[in-house]
Protein chains: 2
Amino acid sequence: MTEAAPEPRGRRELNRIRTRQAIADAAARLVGERGIERTTVDDIAAAAGIGRATFFRHFESKELAIAAGLSGAAIFVLVGILEEIPDEVGPLDAVRRASARLGEDFEAQRAMFLEQARLSWSSPALMAWTLHLYVDWEVAIAASVARRFDDLVPGDPRPRLVGAITMAAWRLAVDAWLTDDGAGDLPRLIQDHLAAIDVPRRNP
Amino acid sequence: MTEAAPEPRGRRELNRIRTRQAIADAAARLVGERGIERTTVDDIAAAAGIGRATFFRHFESKELAIAAGLSGAAIFVLVGILEEIPDEVGPLDAVRRASARLGEDFEAQRAMFLEQARLSWSSPALMAWTLHLYVDWEVAIAASVARRFDDLVPGDPRPRLVGAITMAAWRLAVDAWLTDDGAGDLPRLIQDHLAAIDVPRRNP
DNA sequence: GTACAAAATGATACAGAGTATCAACTTCTG
DNA sequence: CAGAAGTTGATACTCTGTATCATTTTGTAC
């Protein structure tokens, strides 16, 4: 999972990251072209230039590779933007601002987001593994917002809760957007969802 | 998924519900006895007294049947208790009270809950499908809390957000509990998680 | 640059999951 | 009771995911 790690050490790590990204990209592209049912692990492996055994060294399932290819980019960018929000901004406000920043470029990529969202929920197995991937993103968001709490204690549930709330708000906003066939304003929907929740930055 | 539906109409519906429950129960029992890797769809079908094709008419995957058998009971009871909380209690408070009520009997079944929780996260595929099942439960909780908002409007995201928050709080509390090998106080952990979040019953 | 250890790869075989088809059986309706 | 509708179980098949092993690539020490 892509966190703000130090520069990778050697060629092995570089290759590992590059291969994983190549697999995810190939998976998303082939599923976009043919649909999930007509896309096999062998197809994805061939398109990524690897063997099938290597595929399974990078991803636990075909659907996880597809989910990483479809959903990974937007969330990766969100976490990156989160890191840039000034430290004095509270945890949920930081998430709101980062989501708003991501939304600024939304119109330029609306069709792509819509297609990716449709594909993500287009099979029960892919939905299940997309949710699995979202848990990884929750952890990344939690790591990013933890320092924004004034009174964090060891074992404090709030960073993980903020991560979970963020992914839930996004997921439900995308659901509503798809229900409306993408006619709605997704950035607005995300902000509405995030506005409805509060996680105080300081316990009472 | 079990919602407070009217009495089933005919023998077909009764059989469908009964068969589905038999499959889920057999799946959980066999996985408890042998582990996931040693439990096949044919094993579960045989234990439930059905054919393998019938198995796949009730569940989209082996792991979904297992998840339904392991996790379904506790959440079914939670939704039932939610229905009994007085209408004037706000949405999240109702969830807190229902969770507290469920926790009253916790000690009597602590070993069973611990084993079920461990099994639920014991394979990536089962984790993914358990999360998939949780989305069904979010919908059920949303249906139950919707009337507790003073100013609900069509398309209002808050009931679904309460559902998502409830399942996230439970999931993260169980995670923390497992990290501590079940030594912690799960009902207390759930209350702590639920206490950290607010969804105002009325928009400002 | 070389030798060796460690890690990664790809080919392959296999068990089992998940899908599709069809004949037979069960349930429902009039 | 007859006929329609729905459900079932057996079976064949494709593909996923796992395991094994020989080969290749990368990293380290000298």
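Below, read A as the first sequence line, B as the second, and so on, with proteins coming before strands; counting in each chain starts at 1. Just so it is clear, the values below take in all heavy atoms, side chains as well, and ignore hydrogens, waters and symmetry mates.
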Answer yes or no: side-chain N or O of B:R38 and base N or O of C:dG16 forming a donor-acceptor pair under 3.5 Å.
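No such pair is found, so the answer is no.
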Measure [atom1]/[X] against [atom2]/[N] and give the value in whole Å, please.
X: A:I36; N: C:dT19; atom1: CD1; atom2: P; answer: 12 Å
X: A:I23; N: C:dA8; atom1: CD1; atom2: C1'; answer: 13 Å
X: B:H58; N: D:dG6; atom1: NE2; atom2: P; answer: 16 Å
X: B:L30; N: C:dA17; atom1: CG; atom2: C1'; answer: 16 Å
X: A:R20; N: C:dA8; atom1: CZ; atom2: P; answer: 14 Å
X: A:R57; N: D:dT24; atom1: CZ; atom2: C1'; answer: 12 Å
X: B:F55; N: C:dA17; atom1: CZ; atom2: C1'; answer: 10 Å
X: B:I50; N: D:dT7; atom1: CD1; atom2: P; answer: 14 Å

With salt bridge (Lys or Arg N to Asp or Glu O under 4.0 Å) as the test, would you mind laying out the steps for B:R34 and B:D43 before giving the verdict?
CA-CA 11 Å; B:R34 315 176 182 174; B:D43 293 334; 3.0 Å; yes
Which comes earlier along DNA chain D counting from the 5' end, the contact point of B:R12 or that of B:T19, where each point is its nearest nucleotide?
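Nearer the 5' end of the strand: B:R12.
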The criterion is side chain to side chain contact (heavy atoms under 4.5 Å, CB included); which residues satisfy it with A:S144, sequence neighbours excluded?
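Scan of A:S144 (side chain to side chain contact (heavy atoms under 4.5 Å, CB included), adjacent residues dropped) gives A:L82, A:E83.
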Would you say that A:S99 contacts A:V95 through its side chain, given a criterion of any heavy-atom pair below 4.5 Å between the two side chains?
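Sidechains of A:V95 and A:S99: in contact.
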If you define the side chain from C-beta out and look only at heavy atoms, does anything of A:W121 sit under 4.5 Å from A:L126?
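The answer is no, as the side chains (C-beta and beyond) never meet within the 4.5 Å cut-off.
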Counting any heavy atom closer than 4.0 Å, what does B:R16 reach on the DNA or RNA strands: base, sugar-phosphate only, or nothing?
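No contact at all - B:R16 keeps every heavy atom at 4.0 Å or more from the nucleic acid.
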Within the structure shown, what part of the strands sits under 4.0 Å from B:R11 by heavy-atom distance: base, sugar-phosphate, or nothing?
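The answer is sugar-phosphate, as B:R11 gets under 4.0 Å only of primed atoms, P, OP1 or OP2.
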Any chance you could measure B:L133, atom CG, to B:M167, atom CE, to the nearest 0.5 Å?
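Taking CG in B:L133 and CE in B:M167, the distance rounds to 7.5 Å.
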Write down the protein N/O and nucleotide N/O pairs, taken from nucleotides 12-16 of chain D, whose separation is under 3.5 Å; answer none if there are no such pairs.
| residue | atom | partner | partner atom | Å |
| --- | --- | --- | --- | --- |
| D:dT16 | OP1 | A:V41 | N | 3.2 |
| D:dT16 | OP1 | A:K62 | NZ | 3.2 |
| D:dT16 | OP2 | A:V41 | N | 3.2 |

Would you call A:R101-A:E84 a salt bridge at under 4.0 Å N-O?
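Answer for the salt bridge query: yes.
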Any side-chain N or O of B:N15 below 4.0 angstrom from OP1/OP2 of D:dT7?
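No, B:N15 has no side-chain N/O under 4.0 Å of OP1/OP2 on D:dT7.
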Parallel, tilted or perpendicular: which fits the ring planes of B:F106 and B:F113, with parallel below 30° and perpendicular above 60°?
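If you compare the ring of B:F106 with that of B:F113, the planes turn out parallel.
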